[in-house]
Number of protein chains: 2
Amino acid sequence: MPTPTLAEVARHAGVTPATVSNVLRGRGRVGAVTRERVLDAIAALGYRPHLPARALAEGRAPTIALMVTSIANPFYPEFALAVENALRPAGQFLIICNTAGDPDTGRAYLDQIAGTLSEGVLVMNANLDFDDLRATELRGAPVVLCMWERPLDPPGLPCVAVDFRLAGELAAQHLIGLGHRRIGAIVGSKAHGIHAARHEGFVAAMQAAGLDAGAAPLIYAPDTTQGGYAAAREMLTRRPDLTAIFATNDLPALGAMQAAADLGLEVPRRLSVVGITDIQLARESRPALTSVAVPTVEAAELAVALLRELIEDGGRAAGEAKMCVTSAPHLVVRASTSRAPD
Amino acid sequence: MPTPTLAEVARHAGVTPATVSNVLRGRGRVGAVTRERVLDAIAALGYRPHLPARALAEGRAPTIALMVTSIANPFYPEFALAVENALRPAGQFLIICNTAGDPDTGRAYLDQIAGTLSEGVLVMNANLDFDDLRATELRGAPVVLCMWERPLDPPGLPCVAVDFRLAGELAAQHLIGLGHRRIGAIVGSKAHGIHAARHEGFVAAMQAAGLDAGAAPLIYAPDTTQGGYAAAREMLTRRPDLTAIFATNDLPALGAMQAAADLGLEVPRRLSVVGITDIQLARESRPALTSVAVPTVEAAELAVALLRELIEDGGRAAGEAKMCVTSAPHLVVRASTSRAPD
DNA sequence: CTGAAAGCGCTAACAG
DNA sequence: CTGTTAGCGCTTTCAG
């Protein structure tokens, strides 16, 4: 018999639905013996609350939506796992929305579930229209950007910021400290794109070291292994004198290592490579990738906490666009970097 | 103003809620001009249906649950993406449930959402208790196992089967065809575990070629890169005469390649390595991994289709445990395998 | 401490 | 063709 209703449990226990509800949620005092009888009935019938009904009655929603370009991008699953772990204690569930980088798909998701099925929306770099996000907020479904890249430059939406400029700086300083002078940069997405802050940090560190960052080769490439591969291949062919490559993300950095291998340039003896994020793959590649680690789990937890806060707040703080900043990124040295050859 | 209700739209259009509902879902004939007015009101107010309310009234649920051990395992995201793509046209959403391989966590999920929030459950290898799954079915929430390993040996639950035995055979035949005779096997999970069929196929091919599969070194290892690394390291140290390694999954195969690199054994010149599944990483590793590709997207689509069928059927076919079989796995030769050294 | 009653937003007969 | 009516399963005042 497919799942009994609250009313059936009540009948079985000889009480009214209201009492069962009270027992279930610990509200309104209930006598000890009545409670026992109710609990027995619940156990005997195998009662389980009907989440949509509860959602309707409470005016809340039992899920949170996570918007990503594609869950198949190796960084997102780690983040999604952390989000789900943070959600579970509160009895909420995670809906994955793959936008494929298409703003229309993103908007369709927001229209369908934000505020109805999902109580709030977590946004990873999913190429969404900020106006759509603001509209979503106004309709009463809080939105949090999960990895804003520039703590000093708030986006006008609630967000968790990671100091990616610092990440770029750390990566560059590491290479410079190893004696590298001729360093190429592979920057994910186009100029002024999502990785601009990382590149700024790189440039700043170069300049601080008295190096001419303007003269350093720079290629904007898709934020994928293949993108990094192609970029590095081109760059290293044109500039065989480079001793190091800085990539704004781990996937392109891994691609760059492959390109080096295919060109017969040994990493790290002949060429050092450094990335940003420190995804699982960075640990597992050979040579293992040196990378600036970003606090993924912390960001996920902050994002969920912030979202929850906005939800509790019930929209009073709408428009305030509170920002949390994670702890700082830090360098993880592995085997893909070493002292510059003479 | 946070999302209007159907009733407000109706008032705005000067009709009753029922009419708006009819317009929305194309049921019950509605006059052209009334329809116009209703559509105008919907657009003007920015109406969006409230999914939980609809679910409650229809007695259906707007989501499907996907149970996995951890979405951070590199194979699952590819599958999850395919599932979500298959779900979207029907207006359903995907809830990710990470069980961490813990049957209790899995049961908790099933208890909470199967049949309430989720209309059905898709199960990847998540270490769930089959009794829990059958109980879930009986409560009216169809369950489909997404990657059953043995088409000839039905699990007693609806499933999509992939001929993994054949996959193991193809992998072995490939190595044998290249002249390899001393081949080590790394099998994910323990004896009689989830990868048993793959190993059987391997053994069968060995025997068919007149090789003594019993003498071939065999290590059961965790189904991870690290597991494959450790296993291969041990195996190659003990048996430096091996010329090839067969792994029942790509992650351990990649780990084996790393172990070979660390031991100074060049792949594929000195050691060939083959895996199963053909995940994205297989393409991206260096050398790129030869692997027996499994039809992931097809499996996802079949699983969704089967689940939908069971849902439409409304439980009449409960207990029938229908099985779909995907098209056959096929070998993808890349750079990690070559002729056996003399 | 427990029950009665109203309503969350939507759908689905059934009348008119 | 459109309106009326009655729920879906649960929560939540408000009385008793």
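In the text below, chain A, chain B and the rest are named by the order of the sequence lines, each starting its count at 1. Worth saying up front: this structure is predicted, and the values here are computed from it rather than measured.
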| field | Atom pair distance, as rounded to whole Å: NE2 in B:H50 and P in C:dC8 | value | 12 Å

| query | Starting at the 5' end of DNA chain D, which residue's closest nucleotide do you reach first, B:T34 or A:S21? | reply | B:T34

| remark: Terminal axes of the helix from C:dC1-D:dG16 to C:dG16-D:dC1 (5 end pairs apiece), angle rounded to 10 degrees, sit apart by 40°

| query | A:T3 and B:R139: side chain to side chain donor-acceptor pair (under 3.5 Å), yes or no, with the steps? | reply | CA-CA 6 Å; A:T3 304; B:R139 283 174 186 151; 4.8 Å; no

| message | Please report the interatomic distance CG(B:L81) to OG1(A:T69), rounded to the nearest 0.5 Å. | response | 9.5 Å

| note | Tightest non-hydrogen contact, residues B:R48 and A:L110, listed as NH1-O, 3.2 Å

| remark: Residues at least two apart in sequence or cross-chain that pass salt bridge (Lys or Arg N to Asp or Glu O under 4.0 Å) with B:E58, listed by chain then number, are B:R25

| C:dA4 C1' sits how many Å from A:R11 CZ, rounded? | 17 Å

| For B:R88, salt bridge (Lys or Arg N to Asp or Glu O under 4.0 Å) partners two or more places apart | B:E84

| Between B:T16 and D:dT2, does any side-chain N or O lie under 4.0 Å from OP1 or OP2? | no

| field | Phosphate-side-chain proximity, A:R25 and D:dT12, N/O vs OP1/OP2 below 4.0 Å | value | yes

| task | Starting from P on D:dC1, measure out to CZ on B:R37 and report it in whole angstrom. | result | 15 Å

| Residues that A:E298 engages under salt bridge (Lys or Arg N to Asp or Glu O under 4.0 Å), provided they are two or more places apart | none

| request: Return the value, rounded to whole Å, for the distance between atom CZ of B:R35 and atom P of D:dC1. | output: 10 Å

| task | Using a heavy-atom cut-off of under 4.0 Å over every strand shown, decide if A:V20 touches base, sugar-phosphate, or nothing. | result | nothing

| task | Check side chain to side chain donor-acceptor pair (under 3.5 Å) between A:R60 and all other residues, then give those that pass, not counting sequence neighbours. | result | A:E119

| task | Please report the closest heavy-atom contact between B:L122 and B:A303, naming both atoms and the distance. | result | CD1-O, 4.1 Å

| said: How many whole angstroms separate atom CG of A:L6 from atom P of D:dT12? | reply: 12 Å

| message | So A:T5, base contact, sugar-phosphate only, or nothing? Heavy-atom distance under 4.0 Å. | response | sugar-phosphate

| message | Just the rounded figure in Å: distance from P of D:dG9 to OH of A:Y47. | response | 10 Å

| Which atom names give the shortest non-hydrogen contact between A:A141 and A:G115, and what distance separates them? | CB-N, 3.5 Å

| Can you name the residues that form a salt bridge (Lys or Arg N to Asp or Glu O under 4.0 Å) with A:D129, not counting sequence neighbours? | none

| In whole Å, what is the span from the CD1 atom of A:I42 to the P atom of D:dC10? | 10 Å

Between protein and nucleotides 14-16 of chain C, what N or O pairs are separated by less than 3.5 Å?
none

| Going by number, which of residues 51-58 of chain A have a non-hydrogen atom under 4.0 Å from DNA chain C? | A:L56, A:A57

| Counterpart residues, side chain to side chain donor-acceptor pair (under 3.5 Å), relative to A:D153 (two or more places apart) | A:R150

| field | Residue pair B:P49 / A:T116: nearest heavy atoms and the distance that separates them | value | O-CG2, 3.5 Å

Acceptor/donor pairs from residues 5-13 of chain B side chains to any protein atom, 3.5 angstrom cut, sequence neighbours excluded:
{"from": "B:T5", "atom 1": "OG1", "to": "B:A7", "atom 2": "N", "distance (Å)": "3.3"}
{"from": "B:T5", "atom 1": "OG1", "to": "B:E8", "atom 2": "N", "distance (Å)": "3.3"}
{"from": "B:E8", "atom 1": "OE1", "to": "B:T5", "atom 2": "N", "distance (Å)": "2.8"}

Give me the distances for all protein-to-nucleotides 13-16 of chain D N/O pairs that come in under 3.5 Å?
none

| message | Without decimals, in angstroms, what is the distance between B:R60 CZ and C:dG9 P? | response | 22 Å

Just list the side-chain donor-acceptor pairs under 3.5 Å for residues 94-104 of chain A, sequence neighbours left out, or say none.
{"from": "A:T99", "atom 1": "OG1", "to": "A:V68", "atom 2": "O", "distance (Å)": "3.3"}
{"from": "A:T99", "atom 1": "OG1", "to": "A:G101", "atom 2": "N", "distance (Å)": "3.0"}
{"from": "A:T99", "atom 1": "OG1", "to": "A:A126", "atom 2": "O", "distance (Å)": "3.2"}
{"from": "A:D102", "atom 1": "OD1", "to": "A:D104", "atom 2": "N", "distance (Å)": "3.1"}
{"from": "A:D102", "atom 1": "OD2", "to": "A:T105", "atom 2": "N", "distance (Å)": "3.4"}
{"from": "A:D102", "atom 1": "OD2", "to": "A:T105", "atom 2": "OG1", "distance (Å)": "2.7"}
{"from": "A:D104", "atom 1": "OD1", "to": "A:R107", "atom 2": "NH1", "distance (Å)": "3.0"}

